[in-house]
Structures are given as C-alpha cells and as structure tokens.
Amino acid sequence: MDAKNRFETRATFLLLRMEWLGGLVVCAVLAVRHFSEIRWGVFISLFAVIDAIGYLPGALAFRWSPDGRISRWYFVAYNTMHSLVTAGVVAGVWVVLVKPEWALLALPLHLLGDRALFGNSLKPFGVRFEPHLHPAYDEFERAYSNSVGSNSDESRRSADAVRL
C-alpha cells in the first residue's frame, strides 16, 4: 500500500491483479496479432525456463521436505526468474545478441499470467514455498479488519503491532 504499510488488503490486491491482467491482455493481443511471426520453439523455451529454473526445483524440494523447510536459495531462484527486471534483462540481451522478435512476449505473458491469474508474485523467506496462510498474517488480517474505520487507541495499537 505504501512504504510504511507493506501489505495488501483483499481489495487492493484485486486491483493489483487487475492491473497485471491489463498488461497480460495487451501482451496476449500482440501475440495473437503476430501469431505467424512468432518462433514457437523460442517462445515455448522462454516461457518454460522461468519455471524450470525458478519454480520446479523449489516445489520439489518443498514436497520432499518433511517439515516444509527448504533452502533460501530456492526462494532466490524463484524471485530471480519471476522478476520483471530479469525478464527485461533477458529480453534486452536477446535483442542485442539474437534479434528483436515476438517470441520474447513469452516472458511478460508468463510473469503477468502468474500475477494476474494465480495471484503469485515474489516469495519472501518467511513464508512457505507453496501458498499457505501464515498465522501472523491471518492474525494481522483479523486485527486490521476490526480496526478499519476506528480511531481508538486500542485499534491503533493493534495496527502498530503488525507494522514492519
């Protein structure tokens, strides 16, 4: 929401997803309009490499872990591969070394699809690798929803207790 309140309510998260959906639609329209110009082997490879490096190793490690704890390196790999900055660098390097091409739409299509359709963004170290409601966030949401619209000292203290 802002630099001091780094969380999203259900409503603001939905609005973010709608923004990402707008970008996804633009990229999808471009892909459809230039369908015959896309080198599909390159497109599929670029689309798949994001999860092959960034998601699958961590997902497998998480499933094989008896307590769900996995190395932070899986989170780093996920966040690196699912970063729009990384996608921009990959696309820029590709344009310089290979050529500009419509197959590069695979990068934003994958990332914006993850964000808009599945609600997945970058993963902090303090949560499980696979989606699971963190007890502290569950408690925060309850405290926040009880304090909305109230200016009492108690509700402010509750809200302050969950600020980072």
Side-chain angles (χ1 to χ4, degrees), residues 1-35 38 43-44 46-59 62 68 70 72 74-92 94-95 102-164:
M1 290 203 321
D2 60 43
K4 298 290 184 185
N5 301 287
R6 296 180 307 256
F7 64 91
E8 298 298 337
T9 64
R10 284 187 173 98
T12 57
F13 187 63
L14 177 62
L15 291 171
L16 275 175
R17 289 180 72 181
M18 296 303 290
E19 287 185 10
W20 295 324
L21 181 62
L24 178 64
V25 168
V26 168
C27 291
V29 167
L30 287 170
V32 168
R33 287 189 52 118
H34 298 280
F35 190 86
I38 293 174
F43 181 98
I44 291 166
L46 289 171
F47 194 94
V49 75
I50 294 169
D51 282 343
I53 295 171
Y55 173 69
L56 290 176
F62 178 80
I70 61 173
R72 287 180 172 214
Y74 294 113
F75 291 82
V76 171
Y78 181 92
N79 291 340
T80 300
M81 294 306 294
H82 286 82
S83 166
L84 291 165
V85 172
T86 302
V89 169
V90 168
W94 189 277
V95 165
W102 293 109
L104 292 170
L105 284 171
L107 300 168
L109 281 168
H110 183 126
L111 299 178
L112 294 171
D114 277 357
R115 286 164 170 75
L117 304 176
F118 304 115
N120 294 333
S121 189
L122 304 180
K123 296 183 182 290
F125 294 137
V127 299
R128 291 178 174 262
F129 192 81
E130 292 292 356
H132 180 78
L133 184 62
H134 193 285
Y137 190 78
D138 186 37
E139 181 181 327
F140 162 77
E141 270 197 324
R142 277 189 263 114
Y144 178 78
S145 67
N146 290 335
S147 70
V148 172
S150 172
N151 287 324
S152 73
D153 287 340
E154 179 58 35
S155 66
R156 278 198 301 273
R157 278 194 300 275
S158 296
D160 287 344
V162 294
R163 288 193 178 141
L164 297 176

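Side chains are part of it too, since the values below use all heavy atoms of this structure and drop only hydrogens, waters and symmetry mates.
The two residues Leu104 and Pro108 have their closest heavy-atom pair at O-CD, 3.2 Å. Here the closest heavy-atom approach between residue His134 and residue Gly126 is recorded as CD2-O, 3.3 Å. Minimum interatomic distance between Ile50 and Leu46 (heavy atoms only, all atoms of both residues): CG1-O, 3.7 Å. Listed here is the closest heavy atom pair of Leu105 and Cys27: CD1-O, 3.9 Å. The two residues Leu24 and Ala116 make their nearest non-hydrogen contact at CD2-CB, 4.4 Å. Nearest approach of Phe47 to Ala106, heavy atoms of both residues: CD1-O, 3.6 Å.
One finds the CZ atom of Arg17 at 9.5 Å from the CZ atom of Phe118 (value rounded to the nearest 0.5 Å). Between atom CD1 of residue Ile38 and atom CH2 of residue Trp102 there is a gap of 8.5 Å, rounded to the nearest 0.5 Å. Within the model, atoms CG of Leu122 and CG of Leu111 stand 9.0 Å from one another, a figure rounded to the nearest 0.5 Å. Between atom CG of residue Asp114 and atom CG of residue Leu109 there is a gap of 11.0 Å, rounded to the nearest 0.5 Å. Distance OG/Ser121 to CD/Glu8: 9.5 Å, rounded to 0.5 Å. Expressed to the nearest 0.5 Å, how far CG of Leu112 lies from CH2 of Trp20 amounts to 9.0 Å.
Judged by distance alone, with hydrogens and angles left aside, the side-chain atoms of Ser83 form no donor-acceptor pair with the main-chain N or O of Asn79 at under 3.5 Å. Of the possible donor and acceptor atoms, one in the side chain of Asn146 sits under 3.5 Å from a partner among the backbone N and O of Arg142. No donor-acceptor distance shorter than 3.5 angstrom exists from the side chain of Thr86 to the backbone of Met81, with no hydrogens or angles considered.
Remark: Glu19 does not engage Arg115 in a salt bridge, criterion side-chain N to carboxylate O under 4.0 Å.
Under the 4.5 Å side-chain criterion, counting only non-hydrogen atoms from C-beta, Phe7 is in contact with Tyr144. Proximity of Tyr55 to Tyr74: side-chain heavy atoms (C-beta onward) are nowhere separated by under 4.5 Å. Annotation: side chain of Arg10 is in contact with side chain of Glu141 (closest heavy-atom distance under 4.5 Å). Taking the side chain as every heavy atom from C-beta outward, Val26 and Val29 never approach each other to under 4.5 Å.
Defined by atom type and a distance below 3.5 Å, a donor-acceptor pair is present between the side-chain atoms of Thr9 and Thr12. Neither side chain, Asn120 nor His82, offers a donor N or O lying under 3.5 Å from an acceptor on the other.
Between Phe140 and Tyr137, the two ring planes are tilted [angle within 30° to 60°]. Ring pair Phe75/Phe125 is perpendicular by interplanar angle, where above 60° counts as perpendicular and below 30° as parallel.
The cationic atom of Lys123 (NZ for Lys, CZ for Arg) lies less than 6.0 Å from the six-membered ring centre of Tyr78 and within 45° of the ring axis.
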